[in-house]
Amino acid sequence: MTAISVKTIRQRVEAQLVATAGLTKSRFSPELFGFDARLLMHGAFAVGAPFTEANPTTQRQRRTEGVLANSRIEVRLAGNHRADAQMADFDTFLDLEATVITAVEAISRSDLHVVFETATREVSTGFEFLLSTISFRIIHRLALE
């Protein structure tokens, strides 16, 4: 397994969602995504990487090989939430979530391994959108040089 940076993993997930799921990449960072419902649209997303840690196995860290690591990648996703069709919109949103999970799981495993972890859902402050944070654990070799 070749060593890769967390930036490369985040960009690969983002590219996969645009190419295969047909979603729209947000110009906002994942931390700000969803704070202002006026700036959201159905199928918009942002990809973040909140943390990376060494894999909890006993291992030597060689600069030339990198270190085995776990990185969390989070996909923030928005979907419509209309007052007169709440359950239909919720079901459509769950389908959209499933599309994201399937797309991320389809990323090439030549230099990383993808593990789905959680999907948490909430309603935006204006009740106009459903928001989801979908988390994946990416097992990879982190480049040390």
TODO: Consider only side-chain heavy atoms of I, L, V, M, F, W and Y, link residues closer than 4.5 Å, and tell whether F51 and I9 are in one cluster.
DONE: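 No; I9 is not reachable from F51 via cluster members.
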
Are side-chain heavy atoms of [X] and [Y] found at a separation under 4.5 Å?
| X | Y | result |
| --- | --- | --- |
| P50 | E74 | yes |
| V75 | F136 | yes |
| F93 | D89 | no |
| I138 | N70 | no |
| R137 | I139 | yes |
| H113 | H140 | no |
| L17 | V47 | yes |

Task: side-chain contact (heavy atoms from CB on, under 4.5 Å) between F129 and V123, worked out - done: CA-CA 6 Å; F129 287 92; V123 179; over 6 Å; no

Is it true that a side-chain atom of [X] and a backbone atom of [Y] form a donor plus acceptor pair closer than 3.5 Å?
| X | Y | answer |
| --- | --- | --- |
| E128 | N80 | no |
| R141 | G66 | yes |
| Q16 | V104 | no |

Nearest-0.5 Å distance that lies between atom [atom1] in [X] and atom [atom2] in [Y]:
| X | Y | atom1 | atom2 | result |
| --- | --- | --- | --- | --- |
| L68 | E53 | CG | CD | 11.0 Å |
| I101 | S135 | CD1 | OG | 10.0 Å |
| N55 | S71 | CG | OG | 10.5 Å |

Open item on the list: On a heavy-atom basis, which atom in L96 and which in A78 lie closest, and how many Å separate them?
Closed with: CD2-O, 3.9 Å

- [ ] Give the minimum heavy-atom separation between A46 and S29, together with the two atoms involved.
- [x] CB-C, 4.3 Å

TODO: Sort and list the pairs that fulfil salt bridge (charged side-chain N to carboxylate O under 4.0 Å, His left out) and have at least one residue in residues 90-104, not counting sequence neighbours.
DONE: E97-R121

Task: Flag for T8-S5: side-chain donor and acceptor within less than 3.5 Å - done: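 A pair is found: one side chain offers a donor N or O, the other an acceptor, under 3.5 Å apart.
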
Open item on the list: I'd like to know whether L112 forms a side-chain contact (heavy atoms from CB on, under 4.5 Å) with R12, so could you lay out the CA-CA distance, the side-chain angles of the two residues, the decisive distance to 0.1 Å, and finally the verdict.
Closed with: CA-CA 11 Å; L112 54 81; R12 193 181 295 176; 3.5 Å; yes

TODO: Could you tell me whether E117 and R72 have a side-chain N and a carboxylate O separated by less than 4.0 Å?
DONE: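 Yes.
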
TODO: Take L23 and L77 through the side-chain contact (heavy atoms from CB on, under 4.5 Å) test and state the conclusion after the steps.
DONE: CA-CA 9 Å; L23 301 176; L77 178 67; 4.2 Å; yes

TODO: Dump the intermediate steps for side-chain contact (heavy atoms from CB on, under 4.5 Å) on F45 and R76, then the final yes or no.
DONE: CA-CA 5 Å; F45 75 96; R76 296 272 296 154; over 6 Å; no

